[in-house]
Colleague: 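Next up is a structure, given as structure tokens.
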Amino acid sequence: MPTTPDRDAVPAPPETVRLRSTLEQLPAYVAGKPAADDGMRRFKVSSNESPFPPVKAVRDAATAALEGTHRYPDAAARELREALGTKHGVDPSQIALSTGSVAVTGDLVRALVDQGDEVVYPWRSFEAYPILVGSHGGVPVQVPLTEELEYDLDAMAAAITDRTRLVILCTPNNPTGASLTTEQIEGFLERVPEDVVVAIDEAYREFHDPATVAGTAGIFRRHGNVVLLRTFSKLQGLAGLRIGYAVAHPRLAAALGQVTVPFGASVPAQAAALASLRGDVQEELGRRAVWIRDERSRVLAALAAQGWQMPSAQGNFVYFPLGEQTASFAEFADSRGLVLRAYGTDGVRATIAEQEANDLLIEIAGQWRQR
Ligand SMILES: *Cc1c(COP(=O)(O)O)cnc(C)c1O
């Protein structure tokens, strides 16, 4: 049914408002490209989404919760925070929720960063970071990854000044795939002043080789300045519902609660997140993580056989460091049915998705090398 307009559109009056000059310097968040609508079948593997729809029990919980959406959500999200507290072995007061872990990262910036304060993070990394920091008047301090696309923790430690309030470690790193070990993180923390918060963004944790994944739970218990950032958007398949959280020191978690958007975590999002933590759902999600890891190994082995030298990949994605050829490779793939994520003149990221899409990625990567 067409929407009934309240009134016809009229031209806006002349512009008179003054925007913050900072906005001119902010990079735009380039969302994963949607597939073009030209009749060709395309796979959108540009946003690291799950190829699986939410688990049925989760979908059912979210749908049932819609019945209650004439009411505001529980602002304290008591049930969910208790369940997350149990999962992480912390008090529920140490869980801070919002509309995705990007929003929680923004809350961290608002809670910690005054005008001109610095936030240190690797680059390339998640492109939301410069926007979250810069839009709040913070100064982004981007520390280049090494040539092998690994973390340069010496350079990151050296980049910390007395204006640094926050350091972000994204592990596995989006979009390059590199990850940090427990020892690396512990060694780094020894060089970070205790009043500087270190946020570990673990959006892709479940896709990491479990044998070598960093023991962030232990790290969190040993360091009062460490915050863990987690999302339901990736393995849990709830990207469209928007919910994520931080595990933090009680004082910092309370501060995040002070600055966050009230009622951010919606009624269906809270219900879905809670259902995701059920044992049977966790088992199903665990099987999905194994499937994605196996597919990632299969893709990487095929690419290696074609002669590609790929950086280590521990997320649900692989990264082609193509430099100046980045845009042409993305176009090459697009015209063959695969929508990838291109990063300037750095490289291209492809999400490990349904098997057909992964097969197509292998095929296209092979064609590219033969062209
Ligand atoms: C996808 C992603 C997130 C999760 O964002 P949400 O706001 O929870 O959807 C967080 N950090 C990184 C690095 C990501 O790639």
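The model shown is predicted, which means the values in this text are computed figures rather than measured ones. Order of appearance sets the numbers: ligands from 1, and atoms from 1 within every ligand.
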Colleague: Are the charged groups of D280 and K56 less than 4.0 angstrom apart, N to O?
Modeller: no
Colleague: With a 4.0 Å cut-off, would you call E363 and R336 a salt bridge?
Modeller: no
Colleague: Got a salt bridge between D154 and R191, using NZ or NE/NH1/NH2 to carboxylate O under 4.0 Å?
Modeller: yes
Colleague: If you measure from each heavy atom of G100 to ligand 1, is any distance below 4.0 Å?
Modeller: yes
Colleague: Any ion pair linking R42 and D334 (charged N to carboxylate O, less than 4.0 Å)?
Modeller: yes
Colleague: Flag the pair E82 and K87 as a salt bridge only when some basic side-chain nitrogen lies within less than 4.0 angstrom of an acidic carboxylate oxygen.
Modeller: no
Colleague: If you measure from each non-hydrogen atom of N174 to ligand 1, which part falls under 4.0 Å: side chain, backbone, both or neither?
Modeller: side chain
Colleague: Give the atoms of ligand 1, by number and element, whose distance to some non-hydrogen atom of R242 is under 4.0 Å.
Modeller: 6 (P), 7 (O), 9 (O)
Colleague: Tell me whether N48 reaches ligand 1 (any heavy atom closer than 4.0 angstrom to a ligand atom).
Modeller: no
Colleague: Just to confirm my output: which protein heavy-atom neighbour is closest to atom 5 (O) of ligand 1, and how far is it?
Modeller: V102 CG2, 3.4 Å
Colleague: Is E356 salt-bridged to R41, cutoff N-O under 4.0 Å?
Modeller: yes
Colleague: Using non-hydrogen atoms of the residue, decide whether C170 is closer than 4.0 angstrom to ligand 1.
Modeller: yes
Colleague: Which atoms of ligand 1 have any heavy atom of A203 under 4.0 Å away?
Modeller: 2 (C), 3 (C), 10 (C), 11 (N), 12 (C), 14 (C)
Colleague: Should you measure from each heavy atom of D201, which atoms of ligand 1 turn up under 4.0 Å away?
Modeller: 10 (C), 11 (N), 12 (C), 13 (C)
Colleague: Suppose we measure from atom 9 (O) of ligand 1 to each protein heavy atom; which comes out shortest, and what is that distance?
Modeller: S233 OG, 2.6 Å
Colleague: Who's the nearest protein heavy-atom neighbour of atom 4 (C) of ligand 1, and how far?
Modeller: S101 OG, 3.3 Å
Colleague: Hey, is E206 close enough to R288 for a salt bridge, meaning N to O under 4.0 Å?
Modeller: no
Colleague: Using a strict 4.0 Å threshold on nitrogen-to-oxygen distance, state whether E118 and R163 make a salt bridge.
Modeller: no
Colleague: Using a 4.0 Å cutoff against the non-hydrogen atoms of K234, which atoms of ligand 1 qualify?
Modeller: 1 (C), 2 (C), 3 (C), 4 (C), 14 (C), 15 (O)
Colleague: Would you check whether Y204 reaches within less than 4.0 Å of ligand 1, judged by its heavy atoms?
Modeller: yes
